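Note that the structure is a prediction, hence the values are computed from the model and not measured. Just so it is clear: chains get the letters A, B, ... in the order the sequence lines come, proteins before strands, and each one is counted from 1.
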Protein chains: 2
Amino acid sequence: MRRPTIMDIAKAAGVSKGAVSYALNGRPGVSESTRERILTIANDLGWAPSNPARALAPGGRVGAIGMVVDRPARSLGIEPFFMQLVSGVETELSDQGVDLMLQVAEDVEAELAVYRRWAAERRVDGVVMVDLRVSDPRPEMMGVLPLPAVLLGGPEGAGGLPCLYTDDGVPMREVVHYLAAMGHRRIVRVAGPEDFVHTHSRTEAFRQAAERSGLLQARTVHADYTGEAGSRTTRRLLAEAEPPTALVYDNDLMALAGLGVAAEMGIEVPSQLSIVAWDDSALCQMVRPSLTAVSRDVVSHGRRVASMLNAVLTGQRVESEETLPGELRPRGSTGPLVV
Amino acid sequence: MRRPTIMDIAKAAGVSKGAVSYALNGRPGVSESTRERILTIANDLGWAPSNPARALAPGGRVGAIGMVVDRPARSLGIEPFFMQLVSGVETELSDQGVDLMLQVAEDVEAELAVYRRWAAERRVDGVVMVDLRVSDPRPEMMGVLPLPAVLLGGPEGAGGLPCLYTDDGVPMREVVHYLAAMGHRRIVRVAGPEDFVHTHSRTEAFRQAAERSGLLQARTVHADYTGEAGSRTTRRLLAEAEPPTALVYDNDLMALAGLGVAAEMGIEVPSQLSIVAWDDSALCQMVRPSLTAVSRDVVSHGRRVASMLNAVLTGQRVESEETLPGELRPRGSTGPLVV
DNA sequence: TTGAAAGCGCTACCAA
DNA sequence: TTGGTAGCGCTTTCAA
């Protein structure tokens, strides 16, 4: 059986297509009585708007937004961050009857290609971007492409895109002071890729907090968020002549890997080594010792950024917003140094 | 600037819209020379087909397929299975210029509602379904809905849907015999939800293998794939008067949680307790001891199931296929019982 | 308030 | 081989 169209409804109701469209979209132009009649018939017929037709009509929207993720494929599966974000984005979207297109890209170039294609083929109405990089080509491109975008990150380097940003300085200071207060002096941060903007700002916050606490040996090394890199880096650090007594990781995956390496090397956590994770997924509470972590509400970030994009798409003026700062959740993996 | 349309190309080339359409879609009806000229112009103009227009045209396809996932939201983020699957599905799809719509649903009812909406609004050309349940309402519904579907799972209960299925009996026997050979007698399997078909068939395989090995005390208990459930269940089992000496988990998340509980209870792995995980994500190699796991190539499953759906969408006759059986990867979490 | 009609960009059919 | 044209289902403008 053919899908019913507004024409079918119009015939059944004995009115014109136009009237049906008005009635269905709740806009003036039909009397209350006809509107009601039309609605009933539409319902009886099991009518639903054809999305392609809606999108094609002048001024029409596609009713979908896109998200492309480019991170090492190996880490993607386990990285809790994205699914949480997706889940938050969707919660907001489904209220508006908007769908989510997801793409995994190899690198920034591929990501740009996806945006270009989406814009050219009119696949989505807008996109949510994450993982802003230092001198990221995306904001500039979005200025050219007819593809509205909002950014989770920034605001530095956002190039005028509305963004939802976080001040990692607050939790970073909290972490450093907490570790310093417990007597840690040699603290190393295992950060994400150097060219991420948020990596950068965390590095700066870490440096300042360490300086203020007089931790001259504090430093940051870079890895790529994968467990493998986390393991490798941790192994190298713990094998140094004067190994760190506390490690601060930029995500929970690397922290988990670090915990594994400590166990493998016979270094006890937390009596000989304290570990702090960033991003507090359920993973952190599942391992032993449980991981002290900086917790932020990623699902809510997803919701908010989706709502911002939605505002942009409905033609509203959208200001960048700041999230609540992450919070330190002390657990079993941190403690005073036992000499 | 307006997006260029085939009409623009037609004007520039001095031919008709129809000719342009033929040329662009590589079908007969134009001479080689005009085709080439049209292609060049299209390229120069930066033309790309409007997806809504294509979809709306008679016989047109939307160029997107959908996937809806309903599992507890908490586990979703960490569950490596889905992102790996998504990643595989996309690899296959992007070759065909097809996009992926992703939705997270609360329960089967919500999932069905999504399919209904997608079909009614013509949002996707077809769907990939996962997590087949005992007396699952989805296959039957797909028979009614004009929405092609393929299933990762089955083949029992697939209700005629083409499916990509796995015989978990092979690896299950391998696991049980391996544990039995190392002297384990009290083996408990911490399974996924009881109403999943694959849970069911694994349970049966487990029962048979245990019986054959003379393991009278082997049994299956159910949890819901989340770390929390994994912890709780493990804690309960290990607190029994005659606790199991080996635990086989249905996913790696619960296995990880189980490992944590063992540590928390001072039970040493593997000397006092062996742990086997199902689904071998990078997580298994990151913890200490590393987790023995049944490994299957989820990414490749994703690719294959996407390719099957694609075949269905192009009107080909598609037969169900069987995947390679999972393989046991022995690691640090299993070993002979030390009494 | 209602009805008729013109697009939106593309595909596919039918004459020429 | 070509060009013209009729939809696809919807929104919106313009008359009636």
| said: Quick check on dG9(D): is either OP1 or OP2 less than 4.0 Å from any side-chain nitrogen or oxygen of Arg3(A)? | reply: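 No, outside the criterion.
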
| Hey, does the side chain of Arg123(B) reach the backbone of Met101(B) with a donor-acceptor pair shorter than 3.5 angstrom? |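 Looks like no, no N/O pair under 3.5 Å.
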
In whole Å, what is the span from the [atom1] atom of [X] to the [atom2] atom of [N]?
| X | N | atom1 | atom2 | value |
| --- | --- | --- | --- | --- |
| Arg122(B) | dC8(D) | CZ | C1' | 8 Å |
| Lys17(B) | dG4(D) | NZ | P | 11 Å |
| Ile9(B) | dT11(C) | CD1 | C1' | 14 Å |
| Met7(B) | dG7(C) | CE | P | 12 Å |
| Arg54(B) | dC8(C) | CZ | P | 19 Å |

Please classify the nucleic acid contact of [X] as base, sugar-phosphate, or nothing, using heavy-atom distances under 4.0 Å.
| X | answer |
| --- | --- |
| Ser21(A) | base |
| Pro28(B) | nothing |
| Arg27(A) | sugar-phosphate |

| query | Salt bridge between Asp99(B) and Arg117(A), side-chain N to carboxylate O under 4.0 Å? | reply |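 Answer for the salt bridge query: yes.
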
| query | Is a donor-acceptor contact shorter than 3.5 angstrom present between the side chain of Tyr22(B) and the base of dC10(C)? | reply |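 No, the side chain and the base share no sub-3.5 Å donor-acceptor pair.
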
